[in-house]
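Whatever order the structure lists ligands and atoms in, that order sets their numbers, starting from 1. When a residue number appears, it is its place in the shown sequence, counting from 1. Basis for what follows: all heavy atoms, side chains included, without hydrogens, waters or symmetry-related copies.
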Amino acid sequence: MHEHLESIYHDLKLKYPYQKEYLQSVLEFFESINNVLLEDPKIIESNVIRNIVEPDRIITFKVPWVDDKGKNRFNTGYRVQFNQALGPYKGGIRFTPNVNESVLKFLGFEQTFKNSLTGLPLGGGKGGSDFNPKNKSDAELLRFCQSFMIELHRHLGPTLDVPAGDIGVSQKAIGYMFGMYKRLTHAHHGSFTGKGTNYGGSLGRTEATGYGIIYMTLAALDKYFNTDLKNITIIISGSGNVALHTAYKAKQMGANVVAMSSIDGVIYHPQGIDVALLEHIKEHNQLIEVYLERYPNAVFSKDTKKIWEIPCEIALPCATENELELEDVKKLVKNGLKMLVEGANMPTTLDATHYLLEHNILFIPGKAANAGGVSVSGLEMQQNALHTSWTFETVDNKLKEIMTKLFNSIYETAKSYDKPFDLVSGANILSFKRIYQAMLDQGL
Ligand code: GLU
């Protein structure tokens, strides 16, 4: 690594010794941009890297709420407004018990680069709380969301910061947050995306991340292997919104999705997962094991890691960060993996990514592959600004166009640096250049 990057990374480690997710995402980025530093002396002179790796601001606040038993409860809320060079801060809100400043800084950093890859005028941010929505009543969720918004609303706005959902934040929660935002600001405008389609949301937003993953996979299969998804064996980790819509689209394109998972285990069904059944199980908050009642020949394992032992040609990790470790990818490669597309944000650890690249497995990083969600969020903002709504087909066609263009642009970038198979570098270099130039033009 270039000494300029070494020195910044060293300082970040001293400043934020416990922020491992954040440091990991910065390191992944640094590993890609050595050559860019060598070709443009202004990057070091302007000290832009030190600037770009730190968020513009982090808003942290207490969220008091009352549970159904009348007991006072407290969580911590955050919004990391990472970078505004290309447009208003944009990125989801996550409610999971492991949310902390490090996780949100990593997600905000990734989002900034992801959003720039979409080609839409979007900056990057992320927010959330360590609130666990599991087993909460509707009334508890409503009280929590309202309290969360009492603090957060003053930092949001359609030209300032536009949140959406992320893990643990359903459309219901978005509705509750948007409803409170509206009461507090006296405005019904596009300050949230992922809204219900009956009050300003975009058709196709629910499907967007999953469909986008498959559009990008198809573009890559075509470019590198001159083939498509017909009869390709796929495994997909997770069974949330992203995983389910990835699975639906993959099946529609002729792939055989043989395994999916959730935090309570893995289902392996060589004849092909019944995605509608899995969605039904999830909607009813049942354990994934219930799948066997309909398909007794499918195999269930409590150990979520078992999914990586299932032979497949394409793996689509769509659950959460760092779910795929070195030992897991070794098994996948041994069993014939050809391609790995990150559906979640940074689901692959750094050493696992290195292993895949060294073994010539085509790897598409999440900041490119899962950009379909935020892309349709961008389209939702456009529709809100125009006071209109487009048909599902219009949105879906625009999504397809954005994902295909995105793939081509990171491929061309990788190729121009003599690394046609290194799409991590392609994505990092291209997004960095776009943000850097905008920051420079605006006096940083
Ligand atoms: N949470 C999603 C992501 O990680 C979507 C963000 C958005 O639509 O603003 O990209």
Side-chain angles (χ1 to χ4, degrees), residues 21 25 78-84 86-96 99 103-129 152 156-171 173-174 177-178 190-196 200-213 216 238 240-246 317-321 341-347 364-384 395 398-399 402-403 406 427 431:
E21 295 84 2
S25 59
Y78 307 87
R79 185 72 182 164
V80 177
Q81 296 184 329
F82 215 102
N83 189 296
Q84 209 187 17
L86 298 176
Y89 302 110
K90 179 84 196 87
I93 287 183
R94 176 178 288 198
F95 292 160
T96 54
V99 160
V103 168
L104 293 178
K105 274 172 71 180
F106 129 63
L107 289 165
F109 185 68
E110 290 284 299
Q111 194 82 44
T112 299
F113 290 84
K114 180 194 312 193
N115 293 0
S116 94
L117 290 175
T118 66
L120 299 170
L122 303 170
K126 203 86 186 190
S129 172
L152 191 61
L156 307 179
T159 56
L160 170 61
D161 186 348
V162 186
D166 196 81
I167 301 177
V169 173
S170 58
Q171 201 175 76
I174 292 178
M177 285 191 273
F178 179 68
S191 49
F192 262 88
T193 62
K195 301 184 288 296
S202 175
L203 288 166
R205 176 62 188 88
T206 311
E207 295 83 357
T209 311
Y211 282 20
I213 289 164
M216 177 150 300
N241 175 49
V242 175
L244 288 170
H245 289 98
T246 304
C318 292
T320 193
E321 63 268 11
V341 184
E342 289 190 322
N345 291 312
M346 214 170 66
I364 311 190
K367 58 168 79 76
N370 73 32
V374 76
S375 298
V376 174
S377 279
L379 301 180
E380 183 170 331
M381 289 162 75
Q382 292 180 20
Q383 291 169 79
N384 290 164
V395 174
K398 284 179 191 278
L399 169 65
I402 292 171
M403 296 310 288
L406 198 169
S431 48

Asks: Closer than 4.0 Å to some heavy atom of K90 - which atoms of ligand 1 meet that?
Replies: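 Result: 7 (C), 8 (O), 9 (O).
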Asks: Just jot down the ligand 1 atoms closer than 4.0 angstrom to any heavy atom of A164, in number order.
Replies: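 By the 4.0 Å cutoff, the relevant atoms are 7 (C), 8 (O), 9 (O).
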Asks: At what distance is the nearest protein heavy atom to atom 6 (C) of ligand 1, and which residue and atom is it?
Replies: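 So the nearest neighbour among protein heavy atoms is G92 N, 3.6 Å.
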Asks: Can any side-chain N or O of E342 pair as donor or acceptor with the backbone N or O of A369 at less than 3.5 Å?
Replies: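 Pair absent, no side-chain N/O of E342 close to backbone of A369.
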Asks: Tell me whether ligand 1 is touched by G165 - counting only heavy atoms on the residue side and a distance under 4.0 Å.
Replies: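 Right, G165 reaches ligand 1.
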Asks: Okay, side chain of N370, backbone of A344: is any donor-acceptor separation there less than 3.5 Å?
Replies: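 Judged by distance alone, yes, a pair lies under 3.5 Å.
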Asks: Exactly one of T112, T193, T118 should register a side-chain hydrogen bond (donor to acceptor under 3.5 Å, both in side chains) with K90. Which one does?
Replies: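 Of the listed residues T112, T193, T118, the side-chain hydrogen bond (donor to acceptor under 3.5 Å, both in side chains) partner of K90 is T193.
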Asks: Applying a strict 4.0 Å limit to heavy atoms, is K114 in contact with ligand 1?
Replies: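 Judged by the 4.0 Å heavy-atom criterion, K114 does count as contacting ligand 1.
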Asks: Excluding sequence neighbours, so at least two apart, what forms salt bridge (charged side-chain N to carboxylate O under 4.0 Å, His left out) with E207?
Replies: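 Checked E207 against salt bridge (charged side-chain N to carboxylate O under 4.0 Å, His left out); zero matches.
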Asks: Of all the atoms in ligand 1, which lie at a distance below 4.0 Å from a heavy atom belonging to K126?
Replies: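 Answer for ligand 1: 1 (N), 3 (C), 4 (O).
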Asks: Evaluate N370 for polar contact with ligand 1, using N/O atom pairs at a separation under 3.5 Å.
Replies: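 Min N/O separation from ligand 1 is not below 3.5 Å for N370.
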Asks: Of all the atoms in ligand 1, which lie at a distance below 4.0 Å from a heavy atom belonging to S377?
Replies: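 Under 4.0 Å from S377, ligand 1 has these atoms: 7 (C), 8 (O), 9 (O).
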Asks: By number and element, which atoms of ligand 1 are closer than 4.0 Å to a non-hydrogen atom of N345?
Replies: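 Those atoms are 4 (O).
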Asks: Going by atom type alone, with no hydrogens or angles, which donor-acceptor pairs under 3.5 Å involve a side-chain atom of residues 156-169 and a protein atom two or more places apart or on another chain?
Replies:
from, atom 1, to, atom 2, distance (Å)
D161, OD1, R79, NE, 3.3
D161, OD1, R79, NH2, 2.7
D161, OD2, R79, NE, 2.9
D161, OD2, Q81, NE2, 2.8
D166, OD1, K126, NZ, 3.0
D166, OD2, R94, NE, 2.7
D166, OD2, R94, NH2, 3.0

Asks: Non-hydrogen atoms of R205 versus ligand 1: any pair closer than 4.0 Å?
Replies: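 Under 4.0 Å: yes for R205.
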Asks: Is there a donor-acceptor pair under 3.5 Å between the side chain of N345 and the backbone N or O of G366?
Replies: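 Absent.
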Asks: Do L122 and M381 come close enough that some side-chain heavy atom pair is under 4.5 Å?
Replies: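 In short, these two side chains touch, coming nearer than 4.5 Å.
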Asks: Number the atoms of ligand 1 from 1 as they appear, then name those within less than 4.0 Å of a heavy atom of G91, with their elements.
Replies: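 Counting atoms of ligand 1 from 1, those under 4.0 Å from G91 are 9 (O).
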Asks: Quick one: which ligand 1 atoms are inside 4.0 Å of a heavy atom on D166?
Replies: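 It comes down to these atoms of ligand 1: 1 (N), 2 (C), 4 (O).
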Asks: Side-chain contact test, heavy atoms from C-beta onward, threshold under 4.5 Å: evaluate it for V103 versus T96 and give yes or no.
Replies: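 Side-chain contact under 4.5 Å: no.
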Asks: For Q111, which part has a heavy atom under 4.0 Å from ligand 1: side chain, backbone, both, or neither?
Replies: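 Answer for Q111: side chain.
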Asks: Counting only N and O atoms by type, is there a donor-acceptor contact under 3.5 Å from the side chain of N384 to the main-chain atoms of G200?
Replies: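 Yes.
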